[in-house]
Structure formats: structure tokens, C-alpha cells
Amino acid sequence: MEKKNVIKEKSFEFAVEIVYLYRVLIERREFVLSKQLLRSGTSIGSNVREAEQAESKADFIHKLAISLKEANETEYWLDLLFETKFINEIEYHTIKVKNIEILKLLTSIINTSKSK
């Protein structure tokens, strides 16, 4: 039985939600910020996947650190989209909570990996 990989699952589900939000933003005729959100929000999971095939512990930590940076950037774009009223409060809080959860998971995994 394969061990459950929580960060892999959550980052993929988050990427799916980012794609859906991107589509909504395009319908609202917001093209620049939405593209930045799409890139950073989907990059989190792709770097988590790359970390699975890391060549060393240092490489694993590095790839997850990139995911962490992308999650931080995603939070910035979400905050900006909310403050400029391209997304409403419900859209914002729904996805922001998930992003914060990913940030905490990544930070925990990185810190645990560094301490071993």
C-alpha cells in the first residue's frame, strides 16, 4: 500500500483551484495578475513533484524551498487581487486558507528535513 503524501495531494488540489480561479478572472477580463497567479499557484505542486525524485536530501530541500517561495508569491497575488476587487471575500478566503495550509506544511517538511 502506498503511503499517503499529503503535500502532494494538497498542492495538486490547490493547483486545480487556481486554474478554475484563473478562468473566472479571465471572464472578468483580468489578464495580467491572473497569469501571475496561475504560474505561481501551479508551480507549487510541480516543484513538490520534482522533490519526489530528488537526487539528494539537499536537492529535496531545495525543491521544496522553491515550492515555499511560489506559495508565498501566490499569497501576494491573491492579496492583490482581493484588494483590487477582482476577487470577492468568499473567493479570497476560501483559497487563501488552503494556501496558508500549504505554506505551513512546506515549512514543517523543510524544517524536519533539515534537522535530520
Side-chain angles (χ1 to χ4, degrees):
M1 181 186 270
E2 190 175 328
K3 190 174 163 185
K4 187 175 179 178
N5 186 330
V6 176
I7 191 61
K8 180 179 174 181
E9 290 176 13
K10 289 191 180 290
S11 61
F12 183 79
E13 290 167 6
F14 185 75
V16 170
E17 289 193 39
I18 289 292
V19 171
Y20 286 136
L21 181 55
Y22 171 75
R23 288 179 177 168
V24 168
L25 289 166
I26 293 300
E27 289 173 7
R28 294 177 186 165
R29 308 198 47 75
E30 198 309 300
F31 303 107
V32 177
L33 302 177
S34 60
K35 190 67 143 183
Q36 296 283 47
L37 177 70
L38 179 67
R39 287 181 180 154
S40 64
T42 57
S43 179
I44 299 165
S46 68
N47 282 292
V48 166
R49 292 278 178 104
E50 281 189 43
E52 283 186 306
Q53 303 303 317
E55 296 174 8
S56 65
K57 183 170 140 179
D59 189 34
F60 175 78
I61 292 167
H62 176 71
K63 298 242 185 317
L64 289 184
I66 294 170
S67 286
L68 184 61
K69 286 180 178 182
E70 295 294 341
N72 275 315
E73 181 181 341
T74 298
E75 185 174 31
Y76 173 81
W77 296 120
L78 289 169
D79 291 346
L80 187 57
L81 286 161
F82 176 66
E83 290 298 323
T84 56
K85 307 209 182 327
F86 279 105
I87 57 177
N88 64 42
E89 194 167 346
I90 294 169
E91 292 166 326
Y92 174 69
H93 287 292
T94 301
I95 200 155
K96 174 119 178 183
V97 165
K98 293 173 184 179
N99 192 57
I100 290 169
E101 183 178 12
I102 288 170
L103 283 163
K104 288 178 180 177
L105 277 169
L106 287 168
T107 300
S108 176
I109 295 166
I110 291 167
N111 288 340
T112 300
S113 297
K114 284 180 178 178
S115 69
K116 288 183 178 178

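We number each residue from 1, following the sequence as shown.
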Drop me the distance from [X]'s [atom1] to [Y]'s [atom2], to the nearest 0.5 angstrom.
| X | Y | atom1 | atom2 | value |
| --- | --- | --- | --- | --- |
| Thr107 | Asn72 | OG1 | CG | 7.5 Å |
| Ser40 | Lys35 | OG | NZ | 12.5 Å |
| Leu105 | Ile100 | CG | CD1 | 12.5 Å |
| Glu73 | Glu70 | CD | CD | 5.5 Å |
| Thr74 | Lys69 | OG1 | NZ | 14.0 Å |
| Phe14 | Asn99 | CZ | CG | 4.0 Å |

[Y] reachable from [X] in the ILVMFWY side-chain graph, under 4.5 Å edges:
| X | Y | answer |
| --- | --- | --- |
| Phe82 | Trp77 | yes |
| Ile90 | Tyr20 | no |
| Phe12 | Ile102 | no |
| Leu80 | Ile26 | yes |
| Leu37 | Tyr76 | yes |

If you look at every heavy atom in [X] and [Y], which pair is closest and at what distance?
| X | Y | value |
| --- | --- | --- |
| Ile18 | Leu38 | CG2-CA, 3.8 Å |
| Ser43 | Ser46 | O-OG, 3.0 Å |
| Lys8 | Arg49 | CE-NE, 3.2 Å |
| Phe60 | Ser113 | CE2-OG, 3.4 Å |
| Ile7 | Ser11 | O-OG, 2.7 Å |
| Ala71 | Leu103 | CB-CD2, 3.4 Å |

Query raised in the report: What do you reckon, is OH of Tyr22 surrounded by more than 12 foreign heavy atoms closer than 6.0 Å?
Result: yes

Query raised in the report: Is Lys114 atom NZ crowded by more than 12 heavy atoms from other residues, nucleotides or ligands, each under 6.0 Å away?
Result: no

Report summary line: The single option from Leu68, Asn111, Asn47 that satisfies side chain to side chain contact (heavy atoms under 4.5 Å, CB included) with Leu106 is Leu68

Query raised in the report: Which of these, Leu33, Val32, Ile87, sits in a side chain to side chain contact (heavy atoms under 4.5 Å, CB included) with Leu25?
Result: Ile87

Quick one: does [X]'s side chain have a donor or acceptor within less than 3.5 Å of a partner on [Y]'s backbone?
| X | Y | value |
| --- | --- | --- |
| Thr112 | Ile109 | no |
| Lys57 | Lys116 | yes |
| Ser108 | Lys104 | no |

Query raised in the report: How about Asp59 and Glu50: do any of their side-chain heavy atoms sit closer than 4.5 Å?
Result: no

Requested in this report: Give me the one residue out of Lys85, Arg28, Lys96 that meets salt bridge (Lys or Arg N to Asp or Glu O under 4.0 Å) with Glu91.
Outcome: Arg28

